[in-house]
2 protein chains.
Amino acid sequence: MLRISKLTDYGLVLLAHYAAAEEQSEAVKNAREMAEATLLPYPVVSKILKTLAQEGLLLSRRGSKGGYSLGLPPKEIRVSDIIEALEGPITLMACTAGPGHCEQEATCQIRDPWIQINGAIRETLERITLAELVGNSPTASSRPTQIKQVAIENPRDAH
Amino acid sequence: MLRISKLTDYGLVLLAHYAAAEEQSEAVKNAREMAEATLLPYPVVSKILKTLAQEGLLLSRRGSKGGYSLGLPPKEIRVSDIIEALEGPITLMACTAGPGHCEQEATCQIRDPWIQINGAIRETLERITLAELVGNSPTASSRPTQIKQVAIENPRDAH
DNA sequence: TATTTACAGGACTAACTTAGTCCGATATAT
DNA sequence: ATATATCGGACTAAGTTAGTCCTGTAAATA
């Protein structure tokens, strides 16, 4: 089904809430508040926010009145960053993550084009930011965001 | 990690072999031959080929001297068709597969853009065919295949 | 300084999905 | 007839993911 994990999905939703909160100068929200806002279980929210903070997408503040806030402006957080933070490198098959992942590496006929497909998908996810996701990018449309189609071209013709 | 399943990966490799075999007018190959050629276990190969035949990507022929051959010319088999045949609709999250998959559907802030991202990825996979995968498309380069980058645009500016 | 609040960092369990096997039935060529 | 292959499905084992829980540490407040 070519899917991202539920945790990653939740992470996207949580970050979208932080982006919205930031606009209203209520930048710091703790895990409990976020759990209430999203109707997700607190332990799950807490776990995800911890990871996002580790990866620098959120800033954390301990102690009373603590919580999390966005680590970067929404325009500088790409969807690819979020996915990578929560589930590692974006790669459709193990072999494209690097050498040594596949016994067929030596004889595989389709590895090169596969790496290209992979790259095209990664680029698609790099090109949309959290700001666009919540519909507040000055460069992108209000909504729905329109993503241009992808072309496969001969390198000789490219750019 | 945003990955496709191993079975789908195998399916791609198997179809690539069929595409190569077709060029040499050895169109029909049975599951045992394919297992040997790919070094994959026979039962696994058999299972995958059955599914691909069900979905019309392969033609099957029973009995002695039977086997499988491509159901369509390699140029008409898209990578997206292969993935969909083996693991269902291409969709990063359940909610984009249709209504009723997510309890947050009513309140979700990011569903629309997400559907667009999804579409962009699907299009990327629709645009590359089996012929290009094995490096024999007349329209695509020899190798490596180059896939143009994706742009997110305002619908007003589009097309 | 004591207390409360909230994140940090793990270990852990249960549920689910995927990979892989196996078997009896059916169709085809010789 | 017999041998060869696919068909269709059930089944098992392995791996992954989702979700919980607990102990420690940092910060604010009174």
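Hydrogens, waters and symmetry mates are skipped; everything else that's a heavy atom, side chains included, is used. Proteins get letters first, then strands, A, B, ... in listed order; numbering begins at 1 in each.
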Under 3.5 Å, is there a donor-acceptor pair between the side chain of [X] and the main chain of [Y]?
{"X": "R122(B)", "Y": "I90(B)", "value": "no"}
{"X": "N118(A)", "Y": "L92(A)", "value": "yes"}
{"X": "T38(B)", "Y": "M34(B)", "value": "yes"}
{"X": "T91(B)", "Y": "A94(B)", "value": "no"}

Nearest whole angstrom, please: distance from the [atom2] of [N] to the [atom1] of [X].
{"X": "L58(A)", "N": "dA6(C)", "atom1": "CG", "atom2": "P", "value": "17 Å"}
{"X": "L7(A)", "N": "dT16(D)", "atom1": "CG", "atom2": "P", "value": "15 Å"}
{"X": "L40(A)", "N": "dT20(D)", "atom1": "CG", "atom2": "P", "value": "10 Å"}
{"X": "K29(B)", "N": "dT6(D)", "atom1": "NZ", "atom2": "P", "value": "13 Å"}
{"X": "N30(B)", "N": "dC7(D)", "atom1": "CG", "atom2": "P", "value": "12 Å"}
{"X": "I48(A)", "N": "dA8(C)", "atom1": "CD1", "atom2": "C1'", "value": "16 Å"}
{"X": "L39(B)", "N": "dG20(C)", "atom1": "CG", "atom2": "P", "value": "14 Å"}
{"X": "K6(A)", "N": "dC16(C)", "atom1": "NZ", "atom2": "P", "value": "9 Å"}

Quick one: salt bridge (charged side-chain N to carboxylate O under 4.0 Å, His left out) partners of [X], sequence neighbours excluded?
{"X": "R3(B)", "result": "none"}
{"X": "E26(A)", "result": "K29(A)"}
{"X": "R62(A)", "result": "none"}
{"X": "E36(B)", "result": "R32(B)"}

Any residue of residues 12-19 of chain A with a heavy atom less than 4.0 Å from an atom of DNA chain D: none
Heavy-atom contacts, protein to nucleotides 21-30 of chain D, under 4.0 Å, summarised as B (base), S (sugar-phosphate only) or - (none) per nt, yield ---BBBBSS-
Out of dG19(D), dT17(D), dT6(D), whichever nucleotide has its closest atom nearest the side chain of R3(B): dT17(D)
Quick check on [N]: is either OP1 or OP2 less than 4.0 Å from any side-chain nitrogen or oxygen of [X]?
{"X": "Q54(A)", "N": "dG9(C)", "answer": "yes"}
{"X": "S5(B)", "N": "dA19(C)", "answer": "yes"}
{"X": "Y42(A)", "N": "dG19(D)", "answer": "no"}
{"X": "S60(B)", "N": "dA5(D)", "answer": "no"}

Carefully, step by step, assess L133(A) and I117(B) under the rule side-chain contact (heavy atoms from CB on, under 4.5 Å). CA-CA 10 Å; L133(A) 220 50; I117(B) 292 173; 4.0 Å; yes
Residue pair R32(A)/V44(B) against DNA chain C: nearer the 5' end by closest nucleotide is R32(A)
